[in-house]
Amino acid sequence: MTEKPVVRTRVAPSPTGDPHIGTACQALFDYVFAKSRGGQFVLRIEDTDRARSTPESEAKIFEALRWLGIPWDEGPDVGGPYGPYRQSERTEIYREHCRTLLDKGHAYRCFCAPERLETVRNKKRGPDERPGYDGHCRNLGEEEIRRRLDAGVPFVVRMRVPDEGECVFKDMLRNEVRIPWHNVDEQVLMKSDNFPTYHLANVVDDRLMRITHVIRGEEWISSTPKHLLLYEYFGWAPPEFCHLPLLRNPDKSKLSKRKNPTSILYYREAGFLPEAIVNYLGQMAYTLADGREMFSLADMVETFDPRRIGLGGPVFDIAKLTWLNGRYLRETMDAETLLARLREWKLSDDVWARILPLAQPRIEKLSDLVPLTAFFFADRPQYAAEALISKKLDGDATARLLRIALWEMEKVRDWNKETVQACVARIAEKEDLKLRDAVGPFFVALTGSPSSTPLFDTMAILGSDMTRRRLQYALDALAEAGHALSSKKTKEIEKDYRERYEATS
RNA sequence: GGCGCUAUCGUCUAGCCCGGUCUAGGACGCCGCCCUCUCACGGCGGAAACUGGGGUUCGAAUCCCCAUAGCGCUACCA
């Protein structure tokens with residue numbers, strides 16, 4: 001009797017920015033699938049992009065998933081038998097596997113300069129041409145390779161892809177997917193910094209970590225042939241593939257922070273409950289057979305049937321999430337529980353201990369306190385859009401300032417009073433504004449009033465996610481008041497921003 | 001442009017695999033009414049969808065083909 005291998009799934013986020021609601025959704029389905037089959041769920045950190053990955057972002061992923069209550073059996077923080085679970089700690093493994101491919105002739109070194117690749121990429125290609133790389137270094141002679149290696153010419157390793165035939169694979173949720181090999185790019189496997197790309201690392205790790213079911217976003221369908229080919233090159237049996245539809249913005253495009261709050265931590269700050277979010281996410285492209293709309297993670301595990309996963313990309317609708325959240329608040333807790341939850345959230349002595357020193361000098365009666373500090377506990381402060389505008393800064397200038405601030409603040413890694421102050425000061429300087437004038441719109445956007453607790457302390461307490469969300473709200477308010485940043489205008493600002501801010505940073 | 005995926009109310013969806021029971025069901029949002037010291041909750045009701053065209057069939061939301069549309073991928077990002 002052959003024993004069926006234990007079902008193992010994984011979520012493999014890359015720690016570049018805020019923990020994304022889409023990652024949570026994918027993690028949820030991976031988790032539920034594994035658990036419904038008595039299996040294990042693994043968290044792996046894909047930090048092979050060393051330019052963009054940060055430890056702060058990784059920590060936020062743990063925090064967000066833990067807060068949501070989706071536990072992992074193995075991961076960088078808890079360990080496990082197939083570690084390490086952080087790709088940056090597995091580089092030697094990838095290098096070995098890369099050597100194998102090179103030795104077997106399944107991969108080749110490419111010495112092309114980035115500039116050349118740029119040209120190749122931008123060249124308009126005919127319908128019969130392979131996308132991506134043009135195969136320039138595909139058949140270099142031994143000698144030629146040696147010569148460049150000796151000369152220290154930087155190179156990448158690319159996988160070889162057949163010219164003929166097609167890749168046919170079965171997706172758990174779809175019929176056969178057929179993609180002609182001819183349309184598959186000869187992807188880079190090893191970058192010139194000697195780090196692997198997603199494609200190599202992902203296949204090697206899934207194999208070594210005994211992943212049986214790759215449940216991931218639909219955006220990966222077109223890369224699946226590459227992955228399958230790698231399994232074949234290594235002589236490994238591939239796992240099952242299951243591509244989940246992507247969460248969408250209200251305009252149906254892939255869910256993005258441009259158009260929606262996507263940071264899980266923002267939802268926490270705004271007062272959403274983890275069980276409501278998990279429940280709502282479970283409703284994205286999925287329904288329980290009995291039609292229940294309120295269900296827990298355990299309910300989902302108990303009844304999970306992957307065949308009930310729909311394939312249309314669901315729009316992430318905050319209004320409906322809000323309604324569901326309200327049901328949890330009023331139907332699942334008594335006053336005592338609610339109070340405990342409120343304390344767990346923000347109404348704690350710890351938080352008050354940070355707020356009080358800012359508020360005390362500004363009150364004359366005890367009764368002044370709550371009105372003065374209410375905005376700390378709100379999601380969107382209430383104010384008229386005109387309040388954001390001043391003589392020094394008209395509506396358009398304010399919009400520009402806030403837009404730039406949003407970009408700059410994304411880059412603040414360790415969010416505290418000092419870093420945030422430096423950030424705003426830098427913007428004021430670059431925009432040639434006195435700090436005093438620049439700060440006005442921030443006060444209103446963040447606190448709802450031009451006079452309030454000190455800005456930078458306030459920002460530190462609100463936190464990165466909520467601060468940035470409120471700036472976005474302010475931008476929305478300005479847009480409604482006739483100061484919308486068109487996408488053209490935004491592009492102009494962004495170009496200008498990149499030139500003036502990044503060169504010197 | 002190329003390749004791929006998808007397609008039921010504005011949104012999340014049931015139904016589709018195993019055609020008739022679908023005058024297409026539920027939920028969010030919206031509107032109206034009721035409850036009520038206000039508001040909210042709750043209750044009741046309403047407007048609102050099978051993308052189009054061809055087949056197959058006695059019969060198609062359900063099966064097939066084409067068109068269209070949306071989305072994704074098309075990086076030394078994942």
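Per chain, numbering begins at 1; letters A, B, ... match sequence-line order.
Here A/E118 pairs with A/R121 in a salt bridge; the nearest charged N to carboxylate O distance falls below 4.0 Å. One finds no salt bridge joining A/R403 and A/E494 here, because no Lys/Arg side-chain nitrogen approaches an Asp/Glu carboxylate oxygen to under 4.0 Å. Taking 4.0 Å as the cut-off between side-chain N and carboxylate O, A/D305 and A/R308 do not count as a salt-bridged pair. A salt bridge does not link A/E344 to A/R268: none of the charged side-chain nitrogens sits closer than 4.0 Å to a carboxylate oxygen. Salt-bridge check for A/D465 with A/R468: passed, with a basic side-chain N closer than 4.0 Å to an acidic carboxylate O. A salt bridge between A/R99 and A/E92 is present, with a side-chain N of the basic residue lying under 4.0 Å from a carboxylate O of the acidic one.
Counting any heavy atom pair closer than 4.0 Å across all strands shown, A/L117 reaches a base atom. Counting non-hydrogen atoms under 4.0 angstrom, A/P114 reaches a base of the nucleic acid. Among the heavy atoms of the strands lying under 4.0 Å from A/V156 is at least one base atom, whether or not backbone atoms are also near. When heavy atoms are screened at a 4.0 angstrom cut-off, A/V177 is found touching the sugar-phosphate backbone but no base atom.
For B/C73 and B/G55, the C1' atoms lie 33 Å apart once the distance is rounded to whole Å. Nucleotides B/G46 and B/U57 place their C1' atoms 37 Å apart, quoted to the nearest Å.
Counting distance only, with no hydrogens placed and no angle test, the side-chain atoms of A/K320 and the base atoms of B/C12 include a donor-acceptor pair under 3.5 Å. A donor N or O paired with an acceptor N or O is not found under 3.5 Å between the base of B/C5 and the side-chain atoms of A/R174.
Across all strands shown, B/G4 forms a Watson-Crick or G-U wobble pair with B/C71, both key distances being under 3.5 Å. In a base pair of the Watson-Crick type (N1 to N3 plus N6-O4 or O6-N4) or a G-U wobble (N1-O2 and O6-N3), with each distance short of 3.5 Å, B/A40 is matched with no nucleotide.
Closest to the A/P314 side chain, of the nucleotides B/A78, B/G72, B/C12, is B/C12. Minimum atom distance to the side chain of A/I179 is reached by B/G4, of the listed B/U11, B/G4, B/C77. Among the nucleotides B/C12, B/C28, B/C76, the one closest to the side chain of A/K252 is B/C12. Distance from the side chain of A/Q187 is smallest to B/A75 among B/C5, B/C28, B/A75. The nucleotide whose nearest atom lies closest to any side-chain atom of A/R330 is, among B/A78, B/G42, B/C3, B/G42. Among the nucleotides B/C3, B/G29, B/C73, the one closest to the side chain of A/E219 is B/C73. Distance from the side chain of A/S253 is smallest to B/G72 among B/A78, B/G72, B/G4. If you check B/G4, B/C76, B/G70 against the side chain of A/R248, the one that comes closest is B/G70.
If you measure from atom CG of A/L246 to atom P of B/G72, you get 7 Å, rounded to the nearest angstrom. Rounded to an integer number of Å, the gap from A/R216 CZ to B/C5 C1' is 14 Å.
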Stepwise ring pair (Phe, Tyr, Trp, His ring centres under 6.0 Å) test for A/F41 and A/F33: CA-CA 9 Å; A/F41 170 61; A/F33 179 78; over 10 Å; no
Audit row: A/Y94, A/Q87, side chain to side chain contact (heavy atoms under 4.5 Å, CB included) steps and yes/no: CA-CA 9 Å; A/Y94 309 125; A/Q87 292 188 327; 3.2 Å; yes
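Nearest-nucleotide mapping onto RNA chain B: of A/E331 and A/S222, the residue sitting toward the 5' end is A/E331. Toward the 5' end of RNA chain B, the nearer of the two residues A/E293 and A/E46, judged by each one's closest nucleotide, is A/E293.
Between A/H227 and A/H199, the two ring planes are tilted [angle within 30° to 60°]. Aromatic ring pairs are classed by plane angle as parallel below 30°, tilted from 30° to 60° and perpendicular above 60°; the pair A/W220 and A/Y198 is parallel.
Side-chain atoms of A/S53 and A/D49 include no donor-acceptor pair closer than 3.5 Å.
Between B/A78 and A/R52, no contact under 4.0 Å exists linking OP1 or OP2 to a side-chain N or O. Residue A/T16 places no side-chain N or O under 4.0 Å from the OP1 or OP2 atom of B/A78. Remark: A/R121 is in phosphate contact with B/C76, judged by side-chain N or O atoms under 4.0 Å from OP1 or OP2. Contact annotation: A/R308 reaches the phosphate of B/G15 (side-chain N/O to OP1 or OP2, under 4.0 Å).
Listed by residue number, A/Q283, A/M284 are the residues of residues 270-284 of chain A with a heavy-atom contact under 4.0 Å to RNA chain B.
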Each nucleotide N or O in nucleotides 60-67 of chain B that has a protein N or O under 3.5 Å away: list the pair and distance.
none

